[in-house]
Amino acid sequence: MSLRNLPTSFDLSDEVEYALAHEVPVVALESTIVVHGLPAPQNREVARACEDAIRAVGAVPATVGLLEGRVVIGLSANQLEQLCDPGVGAAKLSARDIGVALARKESGATTVAGTISLAARAGIDVMATGGLGGVHRGAQLSFDESADLTALSRTSTLVVASGVKSILDVAATLERLDSLGVPVLGYRTTSFPGFYLSDAGFALDWSVDGPDQAAEAFRYHRGISPTGMLLANPIAPEKQLDPALHDEALRAALDHAERVGASGKAVTPIVLAEFARFTAGASVGVNQSLVVSNAAVAAAVAVALSS
Ligand code: PSU
Ligand code: MN
């Protein structure tokens, strides 16, 4: 991890800079989930709760985003507030968008793909999110597959997520992760999590019993492969969304996205927002608890990696 070779467009918060220089474990967080994935005011609560959960385990949170043409690793609450300001109009930035956005001095929120690309450049090995992006339903015609997958295939980062979003084609996404050489490890489970649901109904080849085993597997993996790793941490069954409500909401949200003609990067935010409306906010509460749990697990793995 070299702070010396950072591009001049990077600004690290003092806390993150200190941590990286002194091998204090750091966990990257994305800003798209806050700006485009969750409604106000819960989005601010989630951001704060994730940072608290990471600190509680002895790691340092580094929320990533672009502010006026600077890459910020370790956004302050005020900076994140700027990104959430509708007046700022922060774009949703995947990995491919960042160079152009920097050239135009823009502000924007980074997706998982964007976040791991930048975090890895700064020497951060672990990231937490809610649900990874993946292959959308109907992708055989639309070709809509999240750049999160390809970014994970070329970035040596361990991402902790509750599987992939259940709005996706989960089976196809697992196949793509296989093709791309990205290992999927169940965290204390042998079944792939289903984002709002504890179990998506797919058996996993590998499972770990805690942070030490996860860190050990990632250490060996990165020694022989350039790809990242997905650590799949399910929401506790007693906290999941009611499965019947989930299935109804899913149908309604996908129908809604089709009716309004959503395409490209607008699809995921529109489907998640409609999911929240249909479930009267229940999906937001579930999303909130799973992402905070993922942040805590990511921090524990970062601590294990640094010891
Ligand atoms: N996890 C969540 N909510 C979200 C996301 C992840 O619980 O909104 C975001 C992440 O930024 C992820 C993005 O990278 O959704 C995927 O978007 P797309 O399908 O357009 O690649
Ligand atoms: Mn897409």
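Atoms considered below: every heavy atom in the structure, side chains included; atoms not considered: hydrogens, waters and symmetry mates. One-based numbering, in listed order, for ligands and for the atoms of each. Numbering of residues begins at 1 and proceeds along the displayed sequence.
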Which is it for Thr129 and ligand 1 at heavy atoms under 4.0 Å: side chain, backbone, both or neither?
side chain

Take atom CD of Glu68 as the centre, draw a 6.0 Å sphere, and report whether it contains more than 12 heavy atoms from other residues, nucleotides or ligands.
no

Would you say that more than 12 heavy atoms from the other residues, nucleotides or ligands in this model lie under 6.0 Å from the CZ of Arg96, or not?
no

Closest approach of Arg137 to Leu254 (non-hydrogen atoms, all atoms of both residues)
CD-CD1, 3.6 Å

Considering the heavy atoms of Asp148, write down every atom of ligand 1 situated less than 4.0 Å from one of them.
12 (C), 14 (O), 16 (C)

Nearest protein heavy atom with distance in Å, relative to atom 11 (O) of ligand 1:
Glu30 OE1, 2.4 Å

Quick one: nearest non-hydrogen protein atom to atom 13 (C) of ligand 1, plus distance?
Lys165 NZ, 3.7 Å

Qualifying residues under ring-ring contact (aromatic ring centres under 6.0 Å, His included), relative to Phe275, sequence neighbours excluded:
Tyr196, His246

Could you tell me which atoms of ligand 1, counted from 1 in the order shown, lie closer than 4.0 angstrom to a heavy atom of Thr32?
11 (O)

As an exercise, state the distance from CD of Glu17 to CG of Asp11, rounded to the nearest 0.5 Å.
9.5 Å

Distance under 4.0 Å to a non-hydrogen atom of Leu272: what atoms of ligand 1 satisfy this?
3 (N), 4 (C), 8 (O)

Should Ala147 be counted as touching ligand 1, given the test is an N or O pair under 3.5 Å?
no

For atom 19 (O) of ligand 1, what is the nearest protein heavy atom, given as residue, atom name and distance?
Thr268 OG1, 2.7 Å

What distance separates Asp199 CG from Thr189 OG1, expressed to the nearest 0.5 Å?
6.5 Å

Could you tell me, atom by atom, which parts of ligand 1 come under 4.0 Å of a heavy atom of Lys92?
17 (O), 18 (P), 20 (O)

May I ask you to say whether Glu216 pairs ionically with Arg219, meaning some side-chain N is under 4.0 Å from a carboxylate O?
yes

Do you see a donor-acceptor pair shorter than 3.5 Å between the side chains of Asn294 and Thr129?
no

Measure the shortest side-chain to side-chain distance between Asn43 and Val35 over non-hydrogen atoms and say whether it is less than 4.5 angstrom.
no

For Thr111, the ligand 1 atoms with a heavy-atom partner under 4.0 Å come out as 11 (O), 14 (O)

Among all protein heavy atoms, pick the one closest to atom 21 (O) of ligand 1 and tell me residue, atom and distance.
Ser146 OG, 2.6 Å

Does the side chain of Ile235 reach to within under 4.5 Å of the side chain of Ser289, using non-hydrogen atoms?
yes

Numbering as shown, the atoms of ligand 1 that approach Gly37 to under 4.0 Å (heavy-atom distance):
8 (O)

Same cluster or not: are Leu6 and Ile73 linked, directly or through other Ile, Leu, Val, Met, Phe, Trp or Tyr residues, by side-chain heavy atoms under 4.5 angstrom apart?
yes

So which of Thr173, Asp169, Val135 actually passes side chain to side chain contact (heavy atoms under 4.5 Å, CB included) with Glu145?
Val135

Which atoms of ligand 1 have any heavy atom of Phe195 under 4.0 Å away?
7 (O)

Closest non-hydrogen atom pair, Pro183 against Thr227:
CD-OG1, 4.0 Å

What residue and heavy atom of the protein are closest to atom 2 (C) of ligand 1, and at what distance?
Ile33 CD1, 3.4 Å

Quick note on ligand 1: atoms under 4.0 Å from a heavy atom of His136 include exactly 19 (O)

Would you say Val184 and Val160 are hydrophobically clustered, going by side-chain heavy atoms of ILVMFWY under 4.5 Å?
no

Is there at least one pair of N or O atoms, one from Val112 and one from ligand 1, spaced under 3.5 Å apart?
yes

Going by chain and residue number, what protein N/O/S atoms come nearer than 2.8 Å to the Mn ion (ligand 2)?
Asp144 OD1

Is there side-chain contact between Val286 and Phe195, with at least one heavy-atom pair below 4.5 Å?
no

Structural part of His36 in contact with ligand 1, heavy atom criterion under 4.0 angstrom
neither

contact_flag Asn287 ligand 1 heavy-atom lt 4.0 Å:
yes

